[in-house]
Amino acid sequence: MDVDRAHDGELVAMFLACRSARDRLIVLLHCRVGLRRGQVAGLRRSDCHLLPASRALGCEHEGAHVHVRRRANANRAWSKSKREWVQPLDFLVVQAFDQHVDERLERFGAGGSDFLLVNLFRAPLGAPMSPAAMGELFDRLSKEVDTHRPRDGAPIRDFANQCDMLLAELTPRRMQ
């Protein structure tokens, strides 16, 4: 059975159609890293290690990465995998994390939920974003760029050709 999935160019168009740093991070975690909606929605800030080494945090894994854990979450997010695993992150995703953190700090300060992704634009503000809300995001983006909604965990295959354009989008204007 062939799966009718969005093509790389369509996924990049979805990324460029995002209205916030949070939404760009969601698209990258989903389409570049290959996480499913439930895994992305279940990430906590404490699951994200973005430094070259995180031994000071008690983590033996090298490089930027996220810990994907199955656990009960208030937002009903759920990882299908029963075991915990680590997924490496590249420079593009780390840059997106950085912009999301700036956006979130600007709105809520340093406190708030330990969930990585929270409602920034709709009630209840600051509450963990649900997998259903991510589905709504992908529905909106796919309509805006007239494409298919990406399949859960379907990473972009030919992303290398698109990195320069995406990096330019993620580079703060003051640095360009």
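In what follows, residues are counted from 1 in the order of the sequence shown.
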(message) Tell me if the CZ atom of R76 is crowded by more than 12 foreign heavy atoms within 6.0 Å.
(response) no

(request) Mind checking the CD-CD spacing from Q39 to Q87? Nearest 0.5 Å is all I need. (result) 9.0 Å

(request) Could you tell me whether the side chain of V118 reaches within less than 4.5 Å of the side chain of M129, counting heavy atoms only? (result) no

(message) Looking at R107 and E103, is there a salt bridge between them, counting it only when a charged N and a carboxylate O are closer than 4.0 Å?
(response) no

(message) Quick check: closest heavy atoms across F108 and N119, and the distance to 0.1 Å?
(response) CZ-O, 3.5 Å

(request) Please lay out, stage by stage, how V66 and V93 fare under the test side chain to side chain contact (heavy atoms under 4.5 Å, CB included). (result) CA-CA 11 Å; V66 292; V93 179; over 6 Å; no

(message) Is there a side chain to side chain contact (heavy atoms under 4.5 Å, CB included) between L117 and L25? Walk through the geometry before answering.
(response) CA-CA 9 Å; L117 302 166; L25 177 60; 4.2 Å; yes

(request) Treat each ILVMFWY residue as a node, draw an edge where side-chain heavy atoms are under 4.5 Å apart, and state whether L125 and F115 are in one component. (result) yes

(request) Output yes when a side-chain donor or acceptor of D114 lies under 3.5 Å from a complementary backbone atom of R44, and no otherwise. (result) no

(request) Check step by step if side chain to side chain contact (heavy atoms under 4.5 Å, CB included) holds for C59 and H67. (result) CA-CA 10 Å; C59 180; H67 293 264; 3.4 Å; yes

(request) Answer whether the closest heavy-atom distance between the side chains of R69 and W85 falls below 4.5 Å. (result) no

(message) Please check: side-chain N/O of D98 versus main-chain N/O of V101, any donor-acceptor pairing under 3.5 Å?
(response) no

(message) Main chain of N75, side chain of N73: is a donor-acceptor contact present, judged purely on distance under 3.5 Å?
(response) no

(request) Using modelled atom types only, decide if a donor and an acceptor are shared between the side chain of Q95 and the backbone of L92 within a distance under 3.5 Å. (result) no

(message) Any side-chain to backbone donor/acceptor pair from R104 onto L116? Under 3.5 Å, distance only.
(response) yes

(request) Measure from the side-chain N and O atoms of R45 to the backbone N and O of S113, and report whether any donor-acceptor pair falls under 3.5 Å. (result) yes

(message) Between S54 and L57 (side chain of the first, backbone of the second, donor and acceptor by atom type, cut-off under 3.5 Å), is there such a pair?
(response) no

(message) Once you measure the plane-to-plane angle for H49 and H65, does it fall in the parallel (<30°), tilted (30-60°) or perpendicular (>60°) bin?
(response) perpendicular

(message) With a 4.5 Å cut-off on side-chain heavy-atom distances among I, L, V, M, F, W and Y, is there a chain of contacts connecting F91 to L28?
(response) yes

(request) Let me see the working for F97 and D102 under side chain to side chain contact (heavy atoms under 4.5 Å, CB included), right down to the final yes or no. (result) CA-CA 9 Å; F97 263 97; D102 286 346; over 6 Å; no

(message) To the closest 0.5 Å, what do you measure between CD1 (I26) and CE (M14)?
(response) 11.0 Å

(message) Is there a side-chain contact between V68 and L35 in this structure, where contact means two heavy atoms from C-beta onward sitting under 4.5 Å apart?
(response) yes

(message) I need the S20 OG to L120 CG distance, nearest 0.5 Å.
(response) 6.5 Å

(request) State, with a plain yes or no, whether a side-chain heavy atom of R140 is found less than 4.5 Å away from one of R19. (result) yes

(message) I need the minimum non-hydrogen distance between A77 and G42, along with the two atoms involved.
(response) CB-N, 3.5 Å

(message) Counting C-beta onward and ignoring hydrogens, is there a side-chain heavy-atom pair between L43 and L29 closer than 4.5 Å?
(response) yes

(request) State plainly whether the residues R55 and E62 are in salt-bridge range, i.e. N to O under 4.0 Å. (result) yes

(request) List the atom of C18, the atom of V27, and the distance in Å for their closest heavy-atom pair. (result) SG-CG2, 3.7 Å

(request) Report yes or no: does R37 contribute a side-chain atom to a donor-acceptor pair with the main-chain N or O of M134 at less than 3.5 Å? (result) no

